[in-house]
Amino acid sequence: MSGAPADGAGPVRPLGADPALLRIGNASGFYGDRFDALREMLTGGPLDVLTGDYLAELTMLILGRDRLKDPTRGYARTFLRQLEEGLGLAVERGVRIVTNAGGLNPAGLADAIRELADKAGVPVRVAHVTGDDLLARGGWGEGVLTANAYLGGAGIAACLRAGADVVVTGRVTDAALVSGAAQAQFGWRPQDLDQLAGAVVAGHVLECGTQATGGNYSFFEAHDVRRPGFPLAEIAADGSSVITKHPGTGGAVTTGTVTAQLLYETSGARYAGPDVTARLDTVHLTQDGPDRVRIGPVRGEAPPPTLKAGLTRLGGWRNEVTFVLTGLDVPAKAALVRGQLEAALDAAGHRPAEVRWTLARTDHDDAAVQEEASALLRLVVRDTDQDAVGRVVSGAAVELALASYPGFHVTAPPGKGTPYGVFEAVAVDAAGVPHLAVLPDGSTVRCPHPEHTRELARPADPELPAPLPATGTRRAPLGLVAGARSGDKGGAANIGVWARTEPGWRWLAHELTVERLRQLLPETAGLPVDRHVLPNLRALNFVVDGLLGEGVAAQARFDPQAKAVGEWLRARHMDIPEVLF
């Protein structure tokens with residue numbers, strides 16, 4: 001089906017009561033987020049659009065395995081269960097719902113929603129966006145389970161302009177859920193780059209749910225974050241926005257919480273997407289009252305001529321054994337059991353392709369609690385052959401129970417091994433991706449990539465602020481004067497670090513170099529590290545290639561998504577100027 005092309009016309013009817021303002025909320029940051037959030041957002045205050053983000057790199061692999069078992073599956077079934085109660089509330093309150101819960105089967109989820117609506121007697125118009133699934137195209141190599149392009153917001157906008165109450169997508173960029181709704185409301189065209197960029201930045205702040213309202217926040221003790229509320233954005237026709245939350249909900253919205261989320265899973269100053277490249281180095285944040293942060297203006301540039309596509313495949317099999325080493329002589333105990341296991345693997349003649357040992361010195365001297373007197377020695381093995389990581393490894397570990405170091409025990413019985421996945425990002429020609437909006441009446445609208453594009457290039461580094469005058473220093477954790485948030489993008493990790501004050505920024509910008517980062521985080525020493533400077537946010541963003549191996553699904557590292565790398569950095573001690581305390 002080719003359909004008519006999208007023309008960028010304004011909406012059939014405004015998405016909310018105020019045509020000059022759009023209130024967009026978020027009710028999910030990942031597949032498994034707080035189940036009752038959808039109801040909370042629908043009943044907590046006024047909204048025009050409610051979004052839900054259910055997809056991540058690991059989620060696509062999970063959905064791909066679901067689809068192998070049953071071709072009718074491949075979407076986030078949790079969302080459908082949330083709608084059993086939430087759909088009627090949304091229709092009653094006039095709130096449109098936009099979600100990427102369609103995963104690998106948006107048409108299937110759209111049909112399931114219609115069936116649910118019919119049973120509940122709720123009149124609802126459902127549309128969906130398709131074209132991202134590139135698996136049938138082939139040529140991706142052996143073992144690929146999913147191949148999906150990251151689409152923009154044009155298909156969502158077309159569905160909403162056609163009057164859809166619920167829009168289901170497959171793999172779109174996370175921010176597209178918000179920017180697509182804003183395009184529908186304000187009738188922006190592809191050349192309205194600054195407006196689009198503003199909406200994309202707002203979408204990036206909302207996409208991870210409560211991470212914008214105090215969740216996973218470095219300075220969490222300053223706020224009540226026991227149950228943070230989900231965020232919403234008030235977007236204006238010029239693309240500027242205010243990030244806030246419903247009254248009476250927990251958490252907080254501050255320039256700090258918004259900065260943290262802006263830095264999450266990004267790289268340089270150019271934040272590229274299918275609709276626009278947003279310049280993060282132009283973003284200004286202003287506290288606009290309690291739990292209100294204003295974003296704007298944001299400068300936009302033409303998007304790249306290619307789209308990112310995510311490939312997932314089964315990479316092989318892995319097994320894991322964690323030995324508990326208690327009390328004295330921890331290094332000697334680790335050396336003993338490691339030597340015994342290595343000898344057993346060699347003798348078996350079926351050694352796994354990858355054998356990795358890590359020793360975590362969680363033990364304390366003279367500990368009053370046994371667990372605090374114990375260290376953890378972790379063995380992880382991987383191979384394309386399940387037999388190589390199964391009985392060969394688990395049997396060897398179990399057989400040492402009475403023949404190794406004193407106090408021998410493991411955290412859990414060794415198993416047969418489990419499959420692991422691999423994520424790979426590739427660039428595909430946008431012109432070859434059939435971005436289609438399937439409207440509530442079944443007709444289709446083509447959403448071609450913008451005609452004007454721009455190859456992505458790193459901008460020149462900005463001028464650094466004047467350094468602080470030389471003063472006395474104190475040896476202390478970096479986290480006393482700086483916040484951080486880290487995350488994953490395939491095998492790379494990003495570490496965003498921001499200063500809480502202008503003097504802190506003047507010190508941080510000069511002191512936290514790539515070389516100093518490598519000293520503070522020795523795991524990064526042999527890896528490519530790139531530093532990006534964002535003066536408006538008083539922030540540095542480091543991208544560490546290869547830290548996560550082949551991505552989260554491969555589980556190659558203790559913290560496979562690099563969620564806590566930023567907090568590790570904050571815990572490292574540096575010579576910090578006294579004037580910053």
Side-chain angles (χ1 to χ4, degrees), residues 317-348 351-383 388-390 392-415 417-418 420 477 486 488 491 493 495 517-527 544 546-552 554-573:
W317 298 83
R318 71 185 299 278
N319 205 348
E320 178 177 332
V321 185
T322 301
F323 301 90
V324 182
L325 315 175
T326 304
L328 304 177
D329 306 317
V330 166
K333 290 172 179 174
L336 173 60
V337 72
R338 178 171 178 171
Q340 290 174 308
L341 248 297
E342 293 280 358
L345 293 178
D346 290 338
R351 184 182 179 86
E354 180 180 334
V355 178
R356 177 179 298 199
W357 296 87
T358 55
L359 176 61
R361 294 301 303 266
T362 52
D363 53 306
H364 300 274
D365 289 338
D366 196 22
V369 178
Q370 181 178 334
E371 188 172 358
E372 294 178 358
S374 300
L376 300 176
L377 178 64
R378 183 170 176 249
L379 166 65
V380 176
V381 295
R382 302 200 302 173
D383 200 289
V389 303
V392 171
V393 176
S394 59
V398 170
E399 289 169 5
L400 291 175
L402 305 180
S404 190
Y405 61 87
F408 179 102
H409 66 288
V410 295
T411 57
T418 58
Y420 71 88
S486 54
D488 65 305
I495 312 166
L517 181 87
R518 287 187 169 125
Q519 293 169 6
L520 295 171
L521 306 183
E523 287 184 47
T524 70
L527 300 171
V544 185
L547 183 65
L548 306 180
E550 296 172 299
V552 56
Q555 300 183 54
R557 191 175 176 275
F558 168 69
D559 175 12
Q561 290 181 281
K563 295 289 189 181
V565 173
E567 287 301 296
W568 175 28
L569 177 62
R570 293 182 68 241
R572 297 291 281 161
H573 287 223

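Reckoned from all heavy atoms, side chains included, excluding hydrogens, waters and symmetry mates. Since the model is a prediction, treat every value here as computed from it, not as a measurement.
Scanning for side chain to side chain contact (heavy atoms under 4.5 Å, CB included) contacts around Leu520 gives Leu512, Arg516, Leu569, Arg572, Met574, with sequence neighbours left out. With sequence neighbours left out, Gln561 forms a side chain to side chain contact (heavy atoms under 4.5 Å, CB included) with Asp488, Val552, Lys563.
Nearest heavy atoms, Ala397 versus Phe408: O-CZ, 3.6 Å. Considering all non-hydrogen atoms of both residues, Ala403 and Glu399 come closest at CB-O, 4.5 Å. Scanning both residues, Thr362 and Ser374, for their nearest heavy atoms gives OG1-O, 2.6 Å. The shortest non-hydrogen separation linking Pro406 to Lys333 is CG-CE, 3.8 Å. Between Gln340 and Ser404, the shortest heavy-atom distance links the atoms OE1-OG, 2.5 Å. A pairwise comparison of heavy atoms in Ser394 and Pro414 identifies CB-CB, 3.3 Å as the closest pair.
Side-chain contact check for His409 versus Thr326: some heavy-atom pair is nearer than 4.5 Å. Between Leu359 and Leu376, the closest side-chain pair of non-hydrogen atoms is not below 4.5 Å. Contact check for Asp363 versus Glu372: no side-chain heavy atoms found under the 4.5 Å cut-off. Residues Trp357 and Arg378 are not in side-chain contact: their nearest non-hydrogen atoms beyond the backbone lie 4.5 Å or more apart. Counting only heavy atoms from C-beta outward, the side chains of Arg518 and Val544 never approach each other to under 4.5 Å. Side-chain atoms of Val381 and Trp317, non-hydrogen and from C-beta on, never get closer than 4.5 Å to each other.
Of the possible donor and acceptor atoms, none in the side chain of Ser486 sits under 3.5 Å from a partner among the backbone N and O of Ile495. Here the side chain of Asp559 pairs a donor or acceptor atom with the backbone of Ala564 at under 3.5 angstrom. Between the side chain of Asn319 and the main chain of Val389, a donor-acceptor pair closer than 3.5 Å is present.
With rounding to the nearest 0.5 angstrom, the CG atom of Leu521 is 8.0 Å from the CD atom of Glu523. For the atom pair Glu342 CD and Leu345 CG, the distance stands at 6.0 Å (nearest 0.5 Å). Asp383 CG to Arg351 CZ: the interatomic distance, rounded to the nearest 0.5 Å, is 11.0 Å. How far CZ of Phe323 is from CG of Leu400: 6.5 Å, rounded to the nearest 0.5 Å.
A cation-pi arrangement is present between Arg382 and Tyr420 under the rule of less than 6.0 angstrom and at most 45 degrees off the ring axis.
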Side chain to side chain contact (heavy atoms under 4.5 Å, CB included) for Tyr405 and Leu325? Distances and angles first, verdict last.
CA-CA 8 Å; Tyr405 61 87; Leu325 315 175; 3.3 Å; yes
Could you check Val393 against Leu379 for side chain to side chain contact (heavy atoms under 4.5 Å, CB included), going step by step and ending with a plain yes or no?
CA-CA 10 Å; Val393 176; Leu379 166 65; 4.2 Å; yes
Walk me through it: do Leu527 and Leu547 pass the test side chain to side chain contact (heavy atoms under 4.5 Å, CB included)?
CA-CA 7 Å; Leu527 300 171; Leu547 183 65; 4.0 Å; yes
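For CD of Gln519, the number of neighbouring non-hydrogen atoms (other residues, nucleotides, ligands) closer than 6.0 Å is greater than 12. For Asp346, the CG atom counts as densely surrounded, since its 6.0 Å shell holds more than 12 non-hydrogen atoms of other residues, nucleotides or ligands.
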